[in-house]
Structure formats: structure tokens, C-alpha cells
Protein chains: 2
Amino acid sequence: MAGMNQSAVRRVNTSVILRALAVSAEPTTLTALAGRTTLSRRTIELILDSLLAAGWVTELDRVPTRGCAGRPARRYELRAEHALLAAARITTEDASAVVADVRGRILGRAHRPLRRYLDPQASLDDVATLVREALADAGGSPERLRAGALAAGGAIDDDGVVRRLVHTTRWEGVDLPTELTGRLRMPWFADNDSNLGALAERWRGVAVDHENVVWAVLGNRTGLGILIRGAVHRGLDGAAGEIVEAASMPTDSVAHRPVSWLTSPEPARRSIALDRVAAARAGEAGALAEVDELVANIASILTTLSWTVAPSLIVLGGGLEDAADVLLPRVREALRAARTPAVELRATGLGRDAALVGAVKLALDRMDTELFGPLVPSL
Amino acid sequence: MAGMNQSAVRRVNTSVILRALAVSAEPTTLTALAGRTTLSRRTIELILDSLLAAGWVTELDRVPTRGCAGRPARRYELRAEHALLAAARITTEDASAVVADVRGRILGRAHRPLRRYLDPQASLDDVATLVREALADAGGSPERLRAGALAAGGAIDDDGVVRRLVHTTRWEGVDLPTELTGRLRMPWFADNDSNLGALAERWRGVAVDHENVVWAVLGNRTGLGILIRGAVHRGLDGAAGEIVEAASMPTDSVAHRPVSWLTSPEPARRSIALDRVAAARAGEAGALAEVDELVANIASILTTLSWTVAPSLIVLGGGLEDAADVLLPRVREALRAARTPAVELRATGLGRDAALVGAVKLALDRMDTELFGPLVPSL
DNA sequence: CTGGATTTCGCGGGAAAGCAGCGTTATCGC
DNA sequence: GCGATAACGCTGCTTTCCCGCGAAATCCAG
């Protein structure tokens, strides 16, 4: 059981100040910080001194506050680029990497097809190269890069070890963080791309202010990411949200079918091509029927989730956002017809970058805990 | 954003010490406490001084530690009865109350049929009377009683306000904590009895050491309590776990059926009488068929939960435990056949007291936060 | 342009709390 | 009885936070 001492207090309070600075893009004054936190002006002053010395913060020129009296306040600004974070993503075909600042602004990118997806070591070499390229693209120096996180498909446990991948067993047991830490000489973390998508939407996307969020990719590729009280919920062996995988198991292997989706006779009908969506927009009957079928399947999964996980928001991503105008109203209607709780349904606000942005957030969170210790829950 | 100061540190550390004392029933020495916490011996000494003064702790006579050299250590013990907690429960027919110490030991009880369930005010008067009787039974004085919590059926929100009850609208909007605080002059809290059942099992029952737990009552009465990362998960409008209620809605009102359970033609078959269970034990074919039907229904719900919430343990309560020998093996077999994750399945360890014990825990947790502030998550 | 109002700065002092460490004390085993 | 052992009880020190006050810088009204 971990008690607290004065340096723990300082760690917490430093983190509070950094967060308060990160919230507003504008330069912030001491008094403003004192108003937003429960800390005294004097304490904030001292903490800012050390942050200034460490390079986390810059002090701007004083500017008279036009329109109201008083001595001009000192203005401080977070140097978001003081620490850079890397994020990478692997799919079966390609890999990509970004370098971002602690605000989540992407400063550099790199992307290429994977040479041999079935060879984990070679693929991780590719990832390391991509990260270096992204850093060069960002124009940052290697020592600025503090941590990184990898987004990948399949079941990845809390420690970033691959438990299971759909298409192959070659990756099973690969310790992604250790591999990348070895190659890039900094802390690395890893998680499933759906979990990271959810995390990203809550950080910089449409799920800001939502505590319980489900990120759903329902199509050819499937994946669910669940946030409960803001944190990724994996469940036993990472099974939480694998209802979509359960649903894609051969029908005859499932004695008790958890969702009616399972009774769908034609699993391949779960996706839809973009040109068919366009045809549906144009009103073509066959395309509309396909859309209805897809909508029914999506609604079935989401109904189950609404009665079990009961998120306040479900975010659709992974390409579904391109058909949002067609799909969303129909799915909403289906959910209403099923009398589910009034869950909000939206398309991703981050698009294809969601997993990468989520990886940046993961690296940031883990670093934060490492640097400043665990925080009080109210933060 | 709440920072920390020195008194917050003391609150946290005091709470750490109290918890450390609560863990072991045996008297504890300073050195032992220092070993279990990260605090220095000196700090623990000072904290124990104030706890001693406040009556939370007693110092026992020194006894030479037989078999090993050295000066005998001072021995401290938590006075669990220094603060008493009340818990009450309302069902449609009766109400009960207990008074317990902070270790969860039940010291006194009271029970009686409700005069008029449909009259909330009269029923709450009954509850207040029962609490006083339970306190008298425990032989405690009123000023020792620090807080209480009420367990009730139906949907109860975070603040303890009744949102919906199955059989009546009379209770809707009743602010249970405020009503009871007014009657009994101490802080009261309230929650759904299923949620409290789950909380109880994690505190003093079979779910100790499990982070993600589902408490399930599946029979004539139904209810699900979900704990995620140790805390009650309600979800949007308390819908989390209401899959069992969704399942009991009239079939034709549900367009998209979330679970195959809904397709069950005969909702009344969801329960089973104890004598039929006995008959099944004896091998009677008709009774066995009834059991199989019930098992299929239970397994269906639990399968869905295993793929969405994915708890590591599901606890069956609410009377099902009486048929555990018949039901559990069959449900386990059904889950294995459905290839669900390897979720553990057990009967309640607390029986009919589960909701009451959970209410004690709720009162304790809320009081703890009030007294000592929010703790760091690692506790 | 001058003086009062306003707002922030900058810093000293005080208090709370944790930690390190050391001499003291009580007990055990021989 | 005597050394080894383990816990006691305390002093002093450090870190950190908070309170509050005089000084400084600016605005604005007359």
C-alpha cells in the first residue's frame, strides 16, 4: 500500500499544472491557473519555476491586459514540443508512424507497405525505420522523443504482448513493447487499434466528455474498443468487445448464440462497398437492400452493447464514416425501434488517424504515470 | 482540478494505515505496518497516535514475541466497532435492517413485513424504525452510527434517486438518501440491490481478488450487478446489465432481439421451483427438462455478458444458490459448448445477506471518501 | 497629467508533514 | 549475567504548501 510524501505531492501538483496548461491553447497567467486548480498562487509560482528550468514551459513577454486595470500578468505557455511522442500502426498490409507533441498535434509522418507481415522481426524493423523517418519529417531531435506506442490488430494484453491474431499464429507471444524498446531506446507500449481508436476519440475526437464509450468498426474488418470510466476495458483475456469475433465464428460451432446477428445466414454480407453506398444514395433498390441488411447487423450488435456495456456514445470508424450519411440515420432508427437506451451514435472525428492518435495518448498516459506517479482520481 | 496539500497527504496516509489495520484480524506492530506500507515507522507512529486519540485504535498489552529475541513490539488493533454502519433493504413484501462494524461484521438485525409497499413515505418510516431496532439489537449507541445505505430493487441512479420500479410508479423520483438522512440524522446512500450484491461478494464473498464481476439473479426476480475495476458500472441511464429486463419485455415490442433468450416462447419458464429441482436431483425426466430449459436461458444471458462485459467471475445469487449443485455444472457445460472465454462461475458466498452486506460496504466507501478524500488509485 | 483604483508581482514567514538516524530499552538464548 | 537482537522514542532536518503584505505596473477619471 502506497502512502504519500511531500515529493509525491509535488509530482501530483506538477502534473495538475501541466494539465491545466495543456487545456488552454492560450498563454495562461498565474491567477488563471490558481482559479482553475485548488493550488495557491505561491505554489503555482514555484512549480512553474521548475517547469521553466526543465524546459516544459516558456514565459512570454508581458502584455498589458487591454481594457482592464492592474499590473500585467506573467504569461506562461506549455512548450508542447518539449517532449515528443511516437506512434506506429501495423496492419496486414502496411505500417505507418507519426511523431506528435504532447498536445497530440502530429508533426511528422511516414508510411510504407510491409515487406513481410508474417515475419514479426522484419516488420518491427520496418516500424523502427518508419519512426525514425517520421521523426526526421517532424524535424525533431532523437533525444526529444520520450516514448512511443504501437497500434496493432488482434488481441493484445495489458503488457502489450500479442495473444492472438486473426490471420496467423506467427505473432503470438511477441512482446511488442520490449521489441520496440530494444530497437528505439525509449519506452514503448502497445495496444489493440480499436482500444486506441476509442481512446483517441475521447481525447481529441467526438467522445470528449464521455466517460463510457464504444468504438466500433463493423465491416470486413471488425473490432470494438470499450472505454469505461475513461479507461480501456479489456475484460477476461481481452474478451470484452469480442462479441464481433464471436459473431464471426462458424455458426455451427456456437451452441447458444449470444446475438441474433449470429443467425445471419450470410456472414459476407456484413460489409458493403463504397460504390454500393453511392448507389443506395442514388436510390437503387438492390443497393438499398444491402444497406438495410448491413444496418440490421450493426444495430443488432449495438443493441446488445446498449443493454450490457451501455455506453453514452458509440463511435463508428474504420471506413464506416464514409457512409455515415446513409448508415447513421438508419442505425439510429433501428436502435430506437429496439427500444434501446438513448445512446448517442456518431461517426469518427479522427478518421483513419484514430488509432495513431490513440497510440500517442497511450504513450502520453503511461509516461505521465511514470513521470509523475498515479494521480488522484478526480483529475 | 484538485491538487494536494499536506493535510491531504495526512488524510491519505491515515486511510492507508486504517486499511492496513483492517486487513489483518491480528494485532499489528509498527514494524509490520511499515513493511506493508511505504510509510516510515515514524510517520506511522504519529498517525497511530491520532487514531488512538480518536478512538479508532486500541493499544494492547505488550507480549514478548515467543521464540525470537528483541524488545516486544507495541501491538495495535483496529476498533472495528468504533464506527457503526447501518444497512437496510426493501423488497415488495418486507424490509430488513442490519447494523455492522467497519469490518462488515453484522452486530444486530431487524426484520418485518412492510405495511404498505406502495406508500414510499410509510415504508421509509418502517425502514427508519427497523434501523433503530437493529441498533438496539446490536447494543450500540446512536452516536456511534455514522452512515447507512439502502438496497432496493429497480433502477436507482448515482445519487440514490429512484428512476424506475417494476411494479409501480409510486416510488419514482423518491430521493432515498435525503428521505432517510432526514429521518435518521446521518448520511445515507442508496443503490440497486444487484449492484450491492456484486459489491458485497467482492468485499466479503467469493469475488475477493476479482476486478470485474457480474452478480446475477436470474429467475422470477431478475437483476444484474456489474463491477468494473472494482466499482459499480451503471452505464447510460443505468442500462448496463438491464439486458435481463430487455429480455423480459413483450416479445413483439422488440424489433431487433439482442439475445436469443428473447426468442424463448414462454417467459414464465425462466424460473424453477425448489421442489422441481429436488425432483431433477432424483432424476425425474420432466423436472430435468425444466432444468435444461432454465440452464439454456441462463447460459444465453451469460454468454452475451462474456463477450461484452467479460467479467472474470460471475456470481449467481437470489435463490439460485440453493440449486447450485444442479445448475452450476450444467451452465458451465453450456458456456464451454458456446466457446465463451473461461469465465469462472460460482454461487454466492453471502446468500440472502448479500445486498445488505453490500449496502454496508457502500456506506463505508462513501464515508471513507468523505472522511479521507479520494485515494490514489493504487490503493 | 496626476492621483486613486485595481491587479499582479515577489517574497518572507509560518506550519504541516514526512524521513533519516541514533541512542535507549526490553527481551532471548547461551 | 551478557551479548545479540529488535523495537522504542525522540531530535533535527527537509520538503512543500499556504497566508499575507508591501511594491510595482497599469487603467481611468477628472
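Chain letters run A, B, ... following the sequence lines, proteins first and then strands; every chain starts at 1. Please read these numbers as outputs of a predicted model, since none were measured by experiment. Every heavy atom of this structure was used, including side-chain atoms; hydrogens, water molecules and symmetry mates were not.
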Over how many whole Å does the gap from B/Asp61 atom CG to C/dT27 atom P extend? 12 Å

Under 4.0 angstrom between A/Arg10 side-chain N/O and D/dT15 OP1 or OP2: no

May I ask you to say whether A/Glu59 pairs ionically with A/Arg75, meaning some side-chain N is under 4.0 Å from a carboxylate O? no

Round to a whole Å and report the spacing from CG of A/Leu46 to P of C/dC11. 11 Å

Donor-acceptor pair, side chain of A/His210 and main chain of A/Glu201, under 3.5 angstrom: no

By nearest atom, which of the nucleotides C/dA16, C/dC9, C/dC19 is closest to the B/Gln6 side chain? C/dA16

Give the rounded distance in Å between these two atoms: CD1 of B/Ile44 and C1' of C/dC19. 12 Å

When the distance from CG of A/Asn13 to C1' of D/dT15 is rounded to whole Å, what number comes out? 13 Å

Please figure out whether B/Thr31 or A/Thr43 has its closest DNA chain D nucleotide nearer the 5' end. B/Thr31

Taken to the nearest whole Å, CD/A/Glu45 to P/C/dG12 is 11 Å

Whole-Å distance between C/dG18 C1' and B/Leu33 CG? 16 Å

First encountered from the 5' end of DNA chain C, between A/Asn5 and A/Leu30: A/Leu30

Can you tell me the distance, in whole Å, between the CZ atom of B/Arg71 and the C1' atom of D/dG3? 18 Å

For the pair B/Asp158 and B/Arg234, find out whether any cationic side-chain nitrogen is under 4.0 Å from an anionic carboxylate oxygen. yes

For B/Arg41, answer base if it contacts any base atom (sugar-phosphate contacts may also be present), sugar-phosphate if it contacts only those atoms, and nothing otherwise; contact means non-hydrogen atoms under 4.0 Å. base

Less than 4.0 Å between a side-chain N and a carboxylate O, is that true for B/Arg79 and B/Glu81? yes

Side-chain N or O of A/Arg42 versus OP1/OP2 of C/dC9: is the shortest distance under 4.0 Å? no

Need one value for B/Ser7: base, sugar-phosphate or nothing, where a base atom within 4.0 Å counts as base even if backbone is also close, heavy atoms only. sugar-phosphate

Tell me the interatomic distance from B/Ile47, atom CD1, to C/dA16, atom P, rounded to whole angstroms. 15 Å

